[in-house]
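Because the structure is a prediction, the values reported are computed rather than measured. Whatever order the structure lists ligands and atoms in, that order sets their numbers, starting from 1.
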Amino acid sequence: MLSVEDNELLTRTGRGTPMGELFRRFWIPALLSSELPQGGAPAVKVQLLGEKLIAFRGAGGRIGLLESRCPHRHANLYWGRNEDDGLRCVYHGWKFGFDGACMDMPAEPSDSAYKDRVKAVAYPTHEAGGIVWAYLGPAEHQPDFPDLEWTTLPEDHLYVTKRHQRCNYFQNVEGELDTAHVQFLHRELNKNHTFTPQKVFDEAENPEYTIAETPVGMLAIAQRALPDGNNYWRITPFCMPSFTTVPTAPGNRFTFTAAVPIDDTSMWGFTVTWAPRPLTDTELEQDRSGMRLHVLTEPDFTPVANMDNDYLRDFEAMATENFTGIMGIRSQDLPVQEDQDGPICERQGEHLGTTDRAIVAARRLMLRTAKALAKGVEPTQPTAAAAYRQRSFAGEGAGDVAWNVLFDQVQSEAAPVVHA
Ligand code: FES
Ligand SMILES: [Fe+2]
């Protein structure tokens with residue numbers, strides 16, 4: 001459990017809050033590249049860490065990310081004209097460049113130097129892995145872009161989605177790290193199930209957990225003893241500020257997830273399934289079906305199965321198909337995260353068990369780093385760009401093989417031959 005004060009610290013990410021300032025030391029996913037399909041198209045609204053922004057793409061593909069209110073009299077630049085080299089406010093025609101500089105003030109006297117003194121708030125962006133990333137922190141602390149393996153791979157190696165989720169970002173982070181819930185929340189009752197680890201979970205002992213800190217976060221290591229003397233391992237890297245790589249199916253395939261605060265009661269959930277090889281048609285079909293870690297969404301990224309329709313829960317399916325009566329792994333996660341004591345979980349009344357070790361460790365790491373930053377100690381994680389290159393691991397190992405042997409092996413493994 002957390003004190004009221006620590007829970008506030010963990011969950012509040014607006015500008016000026018300790019956790020908000022910590023988030024503003026990292027590159028974070030802002031929107032999908034596909035939301036800005038071509039130069040000259042209208043701007044789109046983007047809210048991050050409580051800040052209302054707009055994004056637009058100019059000629060040549062360059063992306064601007066500006067505070068949405070025009071510096072003049074605060075009309076929303078969302079209505080602006082995208083003129084390829086900048087965005088012009090439709091109210092009085094002031095025009096702003098990618099860096100926020102005012103390029104034109106047509107209603108002011110032609111000899112006025114006023115425009116040189118007015119600047120829109122603008123943030124740096126970086127496009128990689130089908131995502132537009134943003135850095136909302138102080139320019140002097142802007143780190144190199146993290147070396148996430150999948151952001152360097154060709155498009156056909158990735159499947160990228162985002163969803164709107166109605167809860168605080170940390171409820172999602174905890175869910176990603178909580179390997180113990182997999183055999184309950186995601187349990188299939190129908191033994192023709194296709195969910196691979198279920199058989200392992202049916203036969204294995206309860207997991208034992210180990211935490212190993214890394215230069216950018218930690219590894220949550222779950223070990224389950226199998227009846228044949230082997231172990232089933234699940235190793236989930238957590239990278240600050242809110243990224244996890246969830247162990248997916250075998251076959252050298254991984255799922256990256258990011259929980260990005262829109263404000264303190266809602267978030268964007270980015271999910272990327274990737275492999276160091278092209279994804280097969282079968283794998284893409286699974287991802288597109290909404291049955292695994294990606295949900296089907298409306299055009300505004302609201303999940304089709306959501307709180308307003310009880311996530312399409314079916315009582316018959318609850319008796320015969322699966323534990324929840326909700327179809328799809330990610331759709332099963334949503335009710336327990338969005339309806340976990342409300343959109344901001346009050347953690348002071350919890351009763352944590354032995355399976356919550358990874359969650360406790362992640363909270364401590366985030367709180368410790370945010371408190372240090374509030375005292376002026378800069379975090380080291382954002383600048384350890386190379387350490388972001390981490391794959392997860394899920395699979396069996398012989399009884400006498402340690403987790404780090406398996407983990408190191410998967411980091412360097414080349415792409416296996418996969419038949420479609
Ligand atoms: S409010 Fe934008 S130009 Fe006046
Ligand atoms: Fe889950």
Side-chain angles (χ1 to χ4, degrees), residues 43 52-54 56 64 66-83 86-97 100-108 112 114-115 117-122 163 165 167 170-188 193 195-198 201 207 220 222 234 236 238 244-249 254-259 267 269 271 273 287 290-295 303 305 311 322-340 355-356 358-359 362 392 394:
K52 292 190 171 73
L53 310 170
I54 57 99
F56 68 102
L66 305 179
E67 188 177 61
S68 63
R69 61 181 193 177
C70 174
H72 178 215
R73 277 179 32 225
H74 296 181
N76 197 326
L77 290 171
Y78 170 72
W79 307 107
R81 296 173 65 84
N82 183 347
E83 297 185 352
L87 195 70
R88 191 182 291 279
C89 179
V90 288
Y91 204 175
H92 311 95
W94 292 21
K95 179 175 175 180
F96 302 93
C102 185
M103 304 163 74
D104 195 15
M105 265 182 196
E108 291 297 306
S112 164
Y114 186 33
K115 79 173 168 51
R117 302 203 305 272
V118 175
K119 209 170 179 297
V121 174
R163 68 177 184 282
Q165 188 165 329
C167 64
F170 208 74
Q171 276 149 247
N172 178 234
V173 169
E174 291 183 339
E176 304 301 303
L177 283 171
D178 177 15
T179 179
H181 82 277
V182 177
Q183 71 222 69
F184 301 100
L185 184 74
H186 302 309
R187 175 173 299 199
E188 307 235 6
H193 53 64
F195 183 41
T196 324
Q198 185 68 50
F201 292 144
R234 289 174 74 83
T236 309
F238 168 67
T244 46
T245 304
V246 185
T248 314
F254 311 96
T255 300
F256 169 90
T257 73
M267 53 160 275
T271 305
T273 307
D287 286 336
M291 288 298 108
R292 297 180 75 89
L293 287 166
H294 301 262
V295 279
Y311 306 90
N322 64 34
F323 212 55
T324 54
I326 295 167
M327 302 310 284
I329 294 171
R330 177 64 74 195
S331 298
Q332 293 159 0
D333 284 325
L334 290 179
V336 295
Q337 293 175 15
E338 293 185 328
D339 200 5
Q340 187 174 2
T355 62
D356 297 312
I359 285 147
S392 55

Heteroatom of H181 nearest to the Fe ion (ligand 2) (N, O or S, atom name): NE2
Do the charged groups of K95 and E83 touch, with an N to O distance under 4.0 Å? yes
For atom 4 (Fe) of ligand 1, decide whether H92 has an N, O or S atom at a distance under 2.8 Å. yes
Whether C70 has an N, O or S atom under 2.8 Å from atom 4 (Fe) of ligand 1: no
Please examine the side chains of R73 and Y91, heavy atoms only from C-beta on, and report whether any two atoms are closer than 4.5 Å. yes
Any side-chain heavy-atom pair of H186 and D333 under 4.5 Å: yes
Looking at the Fe ion (ligand 2), which N/O/S atom of D333 is the nearest one? OD1
Any side-chain heavy-atom pair of P106 and R88 under 4.5 Å: yes
Which atoms of ligand 1 have any heavy atom of W94 under 4.0 Å away? 3 (S)
With Y311 as partner, the option from P335, S331, P303 fulfilling side chain to side chain contact (heavy atoms under 4.5 Å, CB included) is P335
Heavy atoms only: give me the nearest H181-G175 pair and the separation to one decimal. CE1-O, 3.3 Å
Atoms of ligand 1 less than 4.0 Å from C89 heavy atoms? 1 (S), 2 (Fe), 3 (S)
Taking 2.8 Å as the cut-off, does an N/O/S atom of D178 lie below it from the Fe ion (ligand 2)? no
The closest protein heavy-atom partner of atom 1 (S) of ligand 1 is R73 N, 3.4 Å
In ligand 1, the atoms that come under 4.0 Å of a heavy atom of Y91 are 1 (S), 4 (Fe)
If you count the atoms of ligand 1 from 1 in the order shown, which ones are under 4.0 Å from a heavy atom of A75? 1 (S)
For atom 4 (Fe) of ligand 1, what is the closest N, O or S atom on H72? ND1
Is any side-chain heavy atom of L334 closer than 4.5 Å to one of R163? yes
Looking at Q171, E338, Q337, which hits side-chain hydrogen bond (donor to acceptor under 3.5 Å, both in side chains) with Q165? Q337
